[in-house]
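This report concerns only the one structure given below.
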Amino acid sequence: MNLETILATVVADAVKTIYSLEIAAEQIQLQKTKKEFEGELTVVIFPFVKASRKSPEQTGQEIGEYLQKNNQLISSFNVIRGFLNLSISKSYWLETLNTIHTSKQFGITTPTADAELMMIEYSSPNTNKPLHLGHVRNNLLGHSIAEIQKANGWKVIKTNIVNDRGIHICKSMLAWKLFGNGETPESSGLKGDHLVGKYYVIFDKAFKAEIKEMIENGLSEEEAKKSAPLILAAQQMLLDWENNDPEVRHLWETMNAWVYAGFDVTYKQMGVDFDKIYYESETYLEGKTEVERGVDMGIFNQRTDGSVWADLTADGLDEKLLLRADGTSVYMTQDIGTAKLRYVDYPINKMVYVVGNEQNYHFQVLSILLDKLGFEWGKSLVHFSYGMVELPEGKMKSREGTVVDADDLMDEMIESARETSQELGKLDNCTAEEIERIVRMVGLGALKYFILKVDPRKSMTFNPKESIDFNGNTGPFIQYTHARIKSVLRKALEQGIDFTNLSDTQLTISDKENYLIQLITEFPGVVRLSGEEFSPALIANYIYDLVKEYNQFYHDFTILKEENQNLKQFRLVLSETTASIIKTGMLLLGIEVPERM
RNA sequence: GGUCUGGUAGCUCAGCUGGAUAGAGCAACGCCCUUCUAAGGCGAAGGUCAAGGGUUCGAAUCCCUUCCGGAUCACCA
């Protein structure tokens with residue numbers, strides 16, 4: 001039982017005994033004591049004053065006296081206004097630290113054999129352009145959430161649905177066919193995904209030029225958009241693709257292979273991975289079958305032009321297209337097929353989609369459609385809806401060339417990490433390989449932390465002109481603290497100091513040290529909450545708080561030069577435990593921490 | 001227009017299941033390396049928590065109204 005539960009129970013007893021007020025332990029308001037007051041935990045007294053019929057101060061005093069008498073954990077208390085501040089005995093903290101220090105995997109719940117299965121879909125790229133900053137947020141969130149859920153005892157399958165087919169893919173294929181002159185990644189030296197993305201942009205430009213010309217020749221914009229030769233050719237290509245035209249299929253396979261080779265590099269650099277990859281080209285037929293079944297069931301309707309629609313007006317939504325008039329499938333069709341196949345492939349207890357909030361409507365509809373189709377899990381899908389990454393000028397737009405490319409961004413971060421460490425001369429006596437490893441860790445750490453420390457539900461701003469910081473509330477700051485602790489621990493080992501265990505739990509320690517232990521004890525709760533809330537930001541902010549406190553301790557106290565051997569040992573144990581939590585926590589964010597930097 | 005969502009320091013963000021004097025970082029200013037890594041620490045400065053009303057012993061937090069932003073409502077994905 002943890003400290004707060006114990007205290008809440010005692011407070012409930014106190015209130016019942018003194019004022020005959022029945023209140024469940026969970027209802028007791030217990031919070032961390034503000035720093036400016038004496039004590040570690042605070043009971044809010046206001047809810048009891050009605051029953052006590054006394055002033056908040058007096059009520060607090062009475063409850064405090066009861067607690068001190070009936071629980072030996074409480075060494076002293078004070079009452080300020082309606083707040084009862086409790087001081088917990090130092091030996092409790094020291095013993096707790098000792099337990100944590102000697103336990104493996106503190107805060108982590110390893111999944112058991114019969115644990116429930118959570119499937120988490122993230123990344124989900126289109127194969128017509130390279131990944132940009134928006135995808136980076138998606139990938140980092142998806143990966144981190146998967147790690148966090150594992151640490152909360154879930155079995156997790158990380159999955160990726162690759163949007164490898166569709167009209168957008170045909171656009172880059174068509175442009176390459178028309179204007180590519182046989183260009184390949186090898187011939188151009190371009191990374192495969194970037195090469196294909198180039199032709200997607202070329203298509204768009206040529207398409208716009210056609211429209212402009214047609215408008216000049218008297219057509220309305222709407223007519224021009226529908227009848228421009230390029231768009232008609234792309235639509236024909238999609239039809240040919242669905243009809244298994246060998247030439248189109250061959251081109252498609254070739255260009256997608258280029259893209260996958262490029263994505264592999266990006267994913268590897270980013271440090272994300274998947275247990276199972278689905279491709280839309282392999283699931284969309286299942287979707288079509290389901291839609292047709294829906295038509296037979298009478299829940300979807302086919303119009304005279306052949307297109308198929310779901311009428312969701314009864315659910316307060318609109319009509320939704322499921323199959324085009326030419327019979328080709330759309331995004332929704334594919335998602336229906338993919339969802340069904342996943343439940344066939346795995347015994348899923350919870351399905352989570354990590355997809356931006358611009359698709360809230362899509363997932364609302366998907367859930368309803370699956371439910372209508374008779375899948376009992378349809379309504380239980382979780383759309384983990386995160387906010388967009390915006391530039392100071394607003395949304396990123398690929399056509400206006402304002403997207404921040406994922407590969408470029410990661411490279412830039414690593415380079416500035418290299419520059420900083422050269423300036424500081426910190427890695428002068430490391431091997432080239434070590435430098436490379438550390439510089440990559442730090443550069444990516446800065447990027448990942450920058451993105452993950454923000455509440456995922458909120459949109460966030462990224463200013464490309466101001467490079468991501470390495471000081472203050474940043475990944476490198478945390479990594480640096482870890483490296484600094486490790487350095488001290490290495491020296492302690494060299495000196496043969498034993499800090500495997502605390503030999504004295506009756507030591508007198510400072511408030512700062514005491515508070516650090518208290519923070520350490522909060523880690524499991526933070527891991528649990530971040531899992532429940534799907535928020536890596538909670539872990540990021542917690543680690544930052546811990547590290548900030550530790551740095552103050554590190555500055556104000558000496559460790560290795562402390563003359564009291566037991567105190568020195570305590571500080572080493574405290575430091576090692578802190579380092580271990582930093583490492584575990586950062587790993588839940590997908591961020592590695594170096595031994596030196 | 002309908003629906004959803006957001007507005008906290010110059011900037012980027014915490015705090016939001018109601019609790020004490022609203023916190024960090026960056027930027028700008030001033031200090032601290034003969035001492036375990038200064039990517040660090042300390043100090044000072046910076047606020048009408050968009051505005052107004054309501055509920056409450058207590059509101060940045062809950063409710064209503066207004067203002068301002070964003071997303072979405074495609075035979076795009």
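Just the heavy atoms: all of them, side chains too, but no hydrogens, waters or symmetry mates, feed the values below. Residue numbers begin at 1 in each chain, while the letters A, B, ... track the order of the sequences.
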For residues 468-481 of chain A, tabulate all N or O donor-acceptor pairs below 3.5 Å that involve a side-chain atom, not counting sequence neighbours.
from	atom 1	to	atom 2	distance (Å)
A:Asn473	OD1	A:Tyr449	OH	2.6
A:Thr474	OG1	A:Phe470	O	3.4
A:Thr474	OG1	A:Phe477	N	3.2
A:Gln479	NE2	A:Met441	O	3.0
A:Gln479	NE2	A:Glu592	O	2.8
A:Tyr480	OH	A:Arg484	NH1	3.4
A:Thr481	OG1	A:Phe477	O	2.9
A:Thr481	OG1	A:Asn551	ND2	3.1

For nucleotides 41-47 of chain B, list the nitrogen or oxygen atoms of the protein found under 3.5 Å from its nitrogen or oxygen atoms, one pair per line.
from	atom 1	to	atom 2	distance (Å)
B:G41	O2'	A:His555	ND1	3.0
B:C42	OP1	A:Gln552	NE2	2.6

Can you name the atoms? Protein N/O to nucleotides 10-15 of chain B N/O, anything below 3.5 Å, with the distance.
from	atom 1	to	atom 2	distance (Å)
B:C13	OP1	A:Thr461	N	2.5
B:A14	OP1	A:Asp455	N	2.6
B:A14	OP2	A:Lys458	NZ	3.3

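Looking at heavy-atom distances under 4.0 Å, A:Ser421 makes contact with a base. At a threshold of 4.0 angstrom between heavy atoms, the contacts of A:Asn85 include nucleobase atoms, whether or not backbone atoms are also involved. Using a 4.0 Å heavy-atom cutoff across all strands shown, A:Thr42 reaches at least one base atom of the nucleic acid. Backbone-only contact: A:Lys491 has heavy atoms under 4.0 Å from sugar-phosphate atoms and none from a base. At a threshold of 4.0 angstrom between heavy atoms, the contacts of A:Gln29 include nucleobase atoms, whether or not backbone atoms are also involved. A:Arg596 comes within 4.0 angstrom of a nucleotide base, judged by non-hydrogen atoms across all strands.
In a base pair of the Watson-Crick type (N1 to N3 plus N6-O4 or O6-N4) or a G-U wobble (N1-O2 and O6-N3), with each distance short of 3.5 Å, B:U65 is matched with B:A51. B:C16 is unpaired under the criterion used here, namely a Watson-Crick or G-U wobble arrangement in which both key atom distances are under 3.5 Å. Of all nucleotides present, only B:G10 satisfies the Watson-Crick or G-U wobble test against B:C26, with each distance under 3.5 Å. B:A44 makes up no base pair with any nucleotide shown, lacking Watson-Crick or G-U wobble contacts both under 3.5 Å. The nucleotide B:U3 finds its pairing partner in B:A71, both defining distances of the Watson-Crick or G-U wobble pair being shorter than 3.5 Å. With a cut-off of 3.5 Å on both pairing distances, B:A77 has no Watson-Crick or G-U wobble partner at all. Of all nucleotides present, none satisfies the Watson-Crick or G-U wobble test against B:G58 with each distance under 3.5 Å.
Under the side-chain hydrogen bond (donor to acceptor under 3.5 Å, both in side chains) criterion, A:Thr333 pairs with no residue, sequence neighbours left out. For A:Lys395, the salt bridge (Lys or Arg N to Asp or Glu O under 4.0 Å) test picks out A:Glu358, with sequence neighbours left out. A:Trp241 pairs by the side-chain hydrogen bond (donor to acceptor under 3.5 Å, both in side chains) definition with nothing, not counting sequence neighbours. With sequence neighbours excluded, the residues satisfying side-chain hydrogen bond (donor to acceptor under 3.5 Å, both in side chains) with A:Thr127 are A:Asn256. Considering only residues two or more places apart in sequence or on other chains, A:Gln552 meets the side-chain contact (heavy atoms from CB on, under 4.5 Å) condition with A:Lys512, A:Lys548, A:Glu549. With sequence neighbours excluded, the residues that form a side-chain hydrogen bond (donor to acceptor under 3.5 Å, both in side chains) with A:Lys288 are A:Glu242.
Between A:Asn471 and the phosphate of B:C26, there is no side-chain N or O to OP1/OP2 separation shorter than 4.0 Å. Contact check, A:Ser487 against B:U37: a side-chain N or O comes under 4.0 Å of OP1 or OP2. Between A:Lys426 and B:U37 there is no side-chain polar atom (N or O) within less than 4.0 angstrom of OP1 or OP2.
Rounded to a whole angstrom, the distance from the C1' atom of B:C62 to that of B:C32 is 47 Å. Of the C1' atoms belonging to B:G10 and B:G52, the separation is 27 Å, rounded to the nearest Å. Comparing the P positions of B:A44 and B:U37 gives an interatomic distance of 29 Å, to the nearest angstrom.
The salt bridge (Lys or Arg N to Asp or Glu O under 4.0 Å) pairs that include a residue from residues 563-577 of chain A are A:Glu513-A:Arg571, A:Glu562-A:Arg571, where partners are two or more places apart or lie in different chains.
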* To do: Output, in order, the C-alpha distance, side-chain angles, deciding distance and verdict of side chain to side chain contact (heavy atoms under 4.5 Å, CB included) for A:Asp164 and A:Trp252.
  => CA-CA 9 Å; A:Asp164 63 344; A:Trp252 172 73; 3.6 Å; yes

* To do: With side chain to side chain contact (heavy atoms under 4.5 Å, CB included) as the test, would you mind laying out the steps for A:Phe48 and A:Val11 before giving the verdict?
  => CA-CA 11 Å; A:Phe48 314 133; A:Val11 173; 4.2 Å; yes

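Checked by distance alone, A:Lys561 brings no side-chain donor or acceptor within 3.5 Å of a matching partner on the base of B:U35.
Both tests pass for A:Arg303 against the ring of A:Trp309: distance under 6.0 Å to the centre and angle within 45° of the axis.
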* **Summary of protein contacts for nucleotides 72-77 of chain B, nucleotide by nucleotide, where a base hit scores B, a sugar-phosphate-only hit scores S (4.0 Å, heavy atoms)** => SS-BSB

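Using modelled atom types, one finds a donor on one side chain and an acceptor on the other under 3.5 Å when comparing A:His362 with A:Asp335.
Non-hydrogen atoms lying under 4.0 Å from RNA chain B are contributed by A:Val442, all within residues 436-447 of chain A.
Remark: ring of A:Phe46 does not overlap the six-membered base ring of B:G58 in a stacked fashion, as centroids less than 5.5 Å apart with planes less than 30° apart are not both met.
A heavy-atom distance below 4.5 Å is found between the side chains of A:Tyr361 and A:Asp318. In this structure, A:Lys32 and A:Tyr515 have side chains that are in contact, with non-hydrogen atoms separated by less than 4.5 Å.
Using cut-offs of 30° and 60° for the angle between ring planes, the A:Phe363 and A:Tyr353 rings count as tilted.
In this structure, B:C33 is classed as syn because its glycosidic torsion stays within 90° of zero.
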